[in-house]
Engineer: 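The following block contains the structure, expressed as structure tokens.
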Amino acid sequence: MTIPTLRNYIDGSFIDAADMTFEKTNPVNGSLIAHVAEADRDTVNAAVKAGRSALEGPWGRMTVNDRAALLRRIADRIDARFEDLLEAEVSDTGKPETLAREVDIARAAANFRAFADMIAAQSLDSYLTELPDGRQALNYALRKPLGVVAVIVPWNLPLLLLTWKVAPAIACGNAVIVKPSEDTPSSATVLAGIMSEAGVPNGVFNLVHGFGPDSAGEFLTTHPEIDGITFTGESATGSTIMRAAAPNVRPVSFELGGKNAALVFEDANVEKTLDGLMRSIFTNTGQVCLCTERVYIQRTIFEKIVSGLVARVQQLKLGMPHEDSTTTGPLISLKHREKVLDYFARAKEQGGTAIVGGGIPDMGPDLAGGAWVEPTLWTGLNHDAPVMREEVFGPVAGLIPFDTEEEAISLANDTAYGLAASVWTSDLERGHRVAGRMNVGIAWVNTWFMRDLRSPFGGMGLSGLGREGGSHSLHFYSEPTNICISLSEVEPA
Ligand code: NAD
Ligand code: 6OD
């Protein structure tokens with residue numbers, strides 16, 4: 001089989017492969033699936049230049065309705081190329097095809113449709129100003145694009161997270177330079193072709209492949225002509241990018257890591273809660289920023305919930321992505337598995353007991369080179385143990401009992417992160433009360449990862465800066481200019 005070379009896409013064309021390439025392997029079995037052309041500084045400069053030229057050309061004058069129509073065409077092309085995107089995403093990540101079909105690729109199209117609707121319906125600020133001396137004015141704000149926006153995204157939900165940012169950025173009239181993770185270059189490359197098919201003007205969507213430090217990521221974030229940076233990834237990387245953006249005082253929007261808590265109260269519906277916890281701990285092999293890694297369970301039902309979870313974990317089926325029975329894929333890479341296994345070792349040292357999992361599964365000789373790890377639950381860990389405080393980003397959670405609502409709230413909020421929480425209770429008042437006291441960007445009650453794309457999304461503390469979603473995205477990706485028109489016949493003396 002010929003191994004393809006994935007290329008950078010600049011100014012409406014895939015450019016010849018660079019001198020430097022890196023290898024992309026399939027985490028299911030370690031096989032080589034692509035060579036990837038790594039963008040050097042000149043390539044990144046060319047992408048920025050292409051973005052700037054697009055803004056100065058007809059793209060800069062395109063009407064809102066035309067941009068909304070363009071977003072809908074992109075969504076239609078995503079639907080038409082659904083299977084290509086699915087194949088790209090599944091072979092890069094090893095995630096179950098059913099998951100990629102229902103979540104990753106479906107959400108990519110939904111992101112473009114949602115922001116087409118939102119930009120078409122957006123309203124602008126306007127005020128009739130009445131001064132004490134009787135003069136009047138009309139103040140209204142126009143929204144202009146930020147300019148050339150760097151979109152830097154991780155590997156866990158590659159296309160979903162990329163389009164979550166590209167769709168509103170284009171809706172607002174920006175040009176984008178997208179840098180997918182070095183671990184997941186494929187779906188972004190298919191998307192570049194889709195942009196061309198949908199008639200996106202040259203230079204509006206550019207794609208550069210590469211790594212972070214001393215590579216495409218850093219070349220982008222330190223570039224003086226980048227007008228804004230939107231980033232999803234680790235908290236430590238966010239901090240580095242913030243420093244890179246500081247000299248040019250560029251706006252940043254950060255969606256970062258999480259150490260999310262679930263709070264299970266004794267009045268919760270047990271079956272529904274167990275199903276919900278399984279989703280929130282193990283979806284995408286625990287590699288979703290919103291995944292639960294800390295479960296606080298009211299002591300009266302602790303044993304019932306623990307045994308229910310163990311029984312369900314034993315039903316998970318690790319396996320090949322395209323098999324319908326597969327529930328769980330590998331981690332993204334052997335390097336990431338080392339990190340997760342290091343946390344497993346530390347959990348043991350810190351007094352934890354793996355009541356299920358805790359090691360590497362035997363997947364047979366064909367999959368032995370893959371990044372497989374057992375879905376794992378810990379008991380016996382103290383809330384203060386480092387593994388209960390740092391993001392692991394794997395199929396793992398620690399289970400800890402609590403006695404009172406106040407204690408549960410305080411444990412959940414005792415973290416440097418602040419992304420998501422889920423509350424499991426049948427008491428309506430408690431649901432509202434506890435969710436409202438979670439110091440997070442999003443708190444779910446009796447569900448997890450149920451999304452409305454118009455609602456604010458993001459985190460506090462180490463989990464991020466700013467919000468995207470709905471009007472929050474439209475605000476980040478545009479700059480208002482306020483215009484003040486005097487309605488009075490005379491100016492004051
Ligand atoms: P990462 O921070 O290592 O990499 C993310 C992206 O940043 C990649 O494209 C990478 O190449 C690039 N990058 C790395 N260093 C850089 C630098 N110095 N300058 C510029 N770019 C740089 O994150 P990851 O390992 O790919 O993703 C997993 C992390 O992402 C987890 O912490 C997870 O919680 C977080 N995440 C957060 C959200 C959210 O919405 N809050 C969503 C998904 C993932
Ligand atoms: O649903 C979304 O819009 C979103 N940004 C999800 C992030 C998931 C993190 O892995």
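We count ligands from 1, going down the list as the structure has it; atoms in each ligand are counted the same way. Side chains are part of it too, since the values below use all heavy atoms of this structure and drop only hydrogens, waters and symmetry mates.
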Engineer: Where on Phe231 is there a heavy atom closer than 4.0 Å to ligand 1, on the side chain, on the backbone, on both, or on neither?
Structural biologist: side chain

Engineer: Are Ser181 and ligand 1 in contact, using a heavy-atom cut-off of under 4.0 Å?
Structural biologist: yes

Engineer: Taking only non-hydrogen atoms of Arg107, do any sit less than 4.0 angstrom from ligand 2?
Structural biologist: yes

Engineer: Would you kindly specify which portion of Ala244 sits under 4.0 Å from ligand 1, judged on non-hydrogen atoms: side chain, backbone, both or neither?
Structural biologist: neither

Engineer: Are Arg101 and Glu83 within salt-bridge range, i.e. N to O under 4.0 Å?
Structural biologist: yes

Engineer: Please identify each residue that fulfils side-chain hydrogen bond (donor to acceptor under 3.5 Å, both in side chains) with His383, with sequence neighbours left out.
Structural biologist: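 Testing His383 for side-chain hydrogen bond (donor to acceptor under 3.5 Å, both in side chains), a comparison that skips the adjacent residues, returns Tyr296, Arg389, Asp414.
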
Engineer: Relative to ligand 2, is Leu157 under 4.0 angstrom through side chain, backbone, both or neither, heavy atoms considered?
Structural biologist: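 The answer is the side chain of Leu157.
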
Engineer: Tell me the contacting part of Leu419 for ligand 1: side chain, backbone, both, or neither, using a 4.0 Å heavy-atom threshold, strictly below.
Structural biologist: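 Within the 4.0 Å criterion, Leu419 contacts ligand 1 through side-chain atoms alone.
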
Engineer: So is Pro213 close enough to ligand 1, meaning a heavy atom under 4.0 angstrom away?
Structural biologist: yes

Engineer: Among Tyr477, Phe476, Phe115, Phe112, which residue satisfies the ring-ring contact (aromatic ring centres under 6.0 Å, His included) criterion with Trp164?
Structural biologist: Phe115

Engineer: Could you check atom 1 (O) of ligand 2 against the protein and tell me its nearest heavy-atom contact, residue, atom and distance included?
Structural biologist: Arg451 NE, 2.7 Å

Engineer: Test of understanding: given a 4.0 Å heavy-atom threshold, classify the contact between His336 and ligand 1 as side chain, backbone, both, or neither.
Structural biologist: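 Answer for His336: neither.
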
Engineer: Should the proximity of Leu157 to ligand 1, defined as any heavy atom under 4.0 Å, be assigned to the side chain, the backbone, both, or neither?
Structural biologist: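 No part of Leu157 comes within reach of ligand 1.
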
Engineer: To the nearest 0.1 Å, how far is atom 9 (C) of ligand 2 from its closest protein heavy atom, and which atom is that?
Structural biologist: Cys289 SG, 2.2 Å

Engineer: Give the contacting part of Ile152 toward ligand 1: side chain, backbone, both or neither, where contact means a heavy-atom distance below 4.0 Å.
Structural biologist: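 Under 4.0 Å from ligand 1, Ile152 contributes side-chain atoms alone.
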
Engineer: Classify the contact between Leu220 and ligand 1 as side chain, backbone, both or neither, using a heavy-atom distance cut-off of under 4.0 Å.
Structural biologist: neither

Engineer: With heavy atoms under 4.0 Å as the rule, classify the contact between Glu182 and ligand 1 as side chain, backbone, both or neither.
Structural biologist: side chain

Engineer: Quick one: look up the protein heavy atom nearest atom 5 (N) of ligand 2 and list residue, atom name and how far away it is.
Structural biologist: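 For atom 5 (N) of ligand 2, the nearest protein heavy atom is Phe457 CE2, 3.3 Å.
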
Engineer: For ligand 2, does Glu255 get within less than 4.0 Å through its side chain, its backbone, both, or neither, judged by non-hydrogen atoms?
Structural biologist: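 It is the side chain that gets close, since no backbone atom is under 4.0 Å.
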
